[in-house]
J.: 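Structure below; questions to follow.
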Amino acid sequence: MIPLRDVIPSPTTPVVSIALIALNAAVFAYELWLDDRRLDEFILYYGLVPAAFSWVAVLTSMFLHGGLLHFGGNMLYLWIFGDNVEDRMGHGRLLVFYLLWGAAAAPAQTIMIPDSVIPMVGASGAIAGVMGAYFVLYPKSRIVTLVPIFIFIQIFEVPAIFFLGIWFLMQFLSGVGSVATATGSEPGGGVAFWAHVAGFVAGVSGVVVFRRPERQRVEWWNDVT
């Protein structure tokens with residue numbers, strides 16, 4: 001399933017979500033400009049190497065990506081889910097939320113592969129936190145989703161709680177599978193499933209602290225009137 005958009009327009013301009021996308025795009029453009037040797041050095045220096053864990057690298061690794069599909073997929077999810085979450089939290093709170101839960105997601109993957117020397121990169125953990133917040137804040141929303149069925153392509157409106165629930169379940173099962181099939185010193189392949197799981201769980205649990213009470217009261221009043 002490929003999400004295209006949600007059905008809830010944001011009443012405010014999501015300046016932080018746009019800025020995060022722009023920053024990620026600028027870093028990715030720089031990656032494309034580098035030759036293979038310098039790109040490897042750049043990823044090794046600024047990516048998060050579990051065997052040499054560093055909180056600075058946790059932050060910098062959130063803005064690196066391993067390829068066009070990795071970058072494009074992450075930014076698509078941030079664009080779809082970030083604007084509404086930003087509206088409910090406010091700009092500053094979303095930025096703190098994004099960075100905090102992105103930082104919370106990285107150790108979860110590191111615990112699973114503590115001796116790995118392969119750099120971890122990507123905004124997936126932070127974006128998973130945003131998706132977890134959306135799951136709590138907009139359970140009645142719907143996601144316009146492209147679904148390939150054999151040789152046909154169909155577009156459906158899928159309930160957000162179902163779409164995000166299925167996404168989380170897939171990440172969890174894939175994480176379990178990566179542990180079960182782990183061999184050698186690099187278990188889990190190239191996808192940080194446990195970072196996705198941890199980010200989503202952190203988003204679900206932390207959104208209550210970060211959402212703005214006044215927005216909640218306004219929406220409650222609109223519902224009852």
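Only this structure's heavy atoms are used, side chains among them; waters, hydrogens and symmetry mates stay out.
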J.: Once the angle between the rings of Phe81 and Tyr77 is folded into 0 to 90°, is it parallel (under 30°), tilted (30 to 60°) or perpendicular (over 60°)?
T.: tilted

J.: Treating Asn84 as the side-chain partner and Ile8 as the backbone partner, does any N or O pair qualify as donor plus acceptor under 3.5 Å?
T.: yes

J.: Apply salt bridge (charged side-chain N to carboxylate O under 4.0 Å, His left out) to Arg5 and list each qualifying residue two or more places apart in sequence or on a separate chain.
T.: none

J.: So, taking the atom named CD1 in Ile127 and the one named CH2 in Trp79, what distance separates them when rounded to the nearest 0.5 Å?
T.: 13.5 Å

J.: Can you measure from CE (Met120) to CE (Met62) and round to the nearest 0.5 angstrom?
T.: 10.5 Å

J.: Tyr46 versus Val121: any side-chain heavy-atom pair under 4.5 Å?
T.: no

J.: Should the pair His65 and His70 be assigned to parallel (<30°), tilted (30 to 60°) or perpendicular (>60°) ring geometry?
T.: perpendicular

J.: Are Trp167 and Phe163 near enough that their ring centres are under 6.0 Å apart?
T.: no

J.: Is the backbone N or O of Ile113 less than 3.5 Å from a side-chain atom of Ser116, with the two atoms forming a donor-acceptor pair by type?
T.: no

J.: Looking only at atom types and distance, does a side-chain atom of Ser141 sit under 3.5 Å from a main-chain N or O of Pro139, one as donor and one as acceptor?
T.: no

J.: Are the side chains of Asp87 and Pro14 in contact, using a 4.5 Å heavy-atom criterion?
T.: no

J.: For the residue pair Trp33 and Leu39, establish whether any side-chain heavy-atom pair is separated by less than 4.5 Å.
T.: no

J.: Just one of Asp83, Val85, Ile80, Leu20 clears the side chain to side chain contact (heavy atoms under 4.5 Å, CB included) bar with Val130, so which one?
T.: Val85

J.: Where is the tightest heavy-atom contact between Phe53 and Val58, given as atom of each residue plus distance?
T.: CZ-CG2, 3.6 Å

J.: Got Thr60 and Tyr45 here, is their nearest side-chain heavy-atom distance under 4.5 Å?
T.: no

J.: Is it the case that the side chain of Arg142 and the backbone of Val7 share a donor-acceptor pair, with hydrogens and angles ignored and the cut-off at 3.5 Å?
T.: no

J.: Which pair of heavy atoms, one from Glu31 and one from Leu64, lies closest together, and at what distance?
T.: OE2-CA, 3.5 Å

J.: Answer yes or no: is there a donor N or O on one side and an acceptor on the other, between the side chain of Glu86 and the main chain of Val15, under 3.5 Å?
T.: yes

J.: Do the ring planes of Tyr138 and Tyr134 sit parallel (below 30°), tilted (30 to 60°) or perpendicular (above 60°)?
T.: tilted

J.: Taking the side chain as C-beta and beyond, is there a heavy-atom pair between Leu68 and Phe28 under 4.5 Å?
T.: yes

J.: Do the ring centers of Tyr30 and Phe42 come within less than 6.0 Å of each other?
T.: yes

J.: Quick one: list whatever passes salt bridge (charged side-chain N to carboxylate O under 4.0 Å, His left out) with Asp35, sequence neighbours left out.
T.: Arg38

J.: At what distance, to the nearest 0.5 angstrom, does CZ of Phe200 lie from CZ of Phe135?
T.: 5.0 Å

J.: Please name the pair of heavy atoms, one in Ala105 and one in Ala195, separated by the smallest distance, quoted to 0.1 Å.
T.: CB-O, 3.2 Å

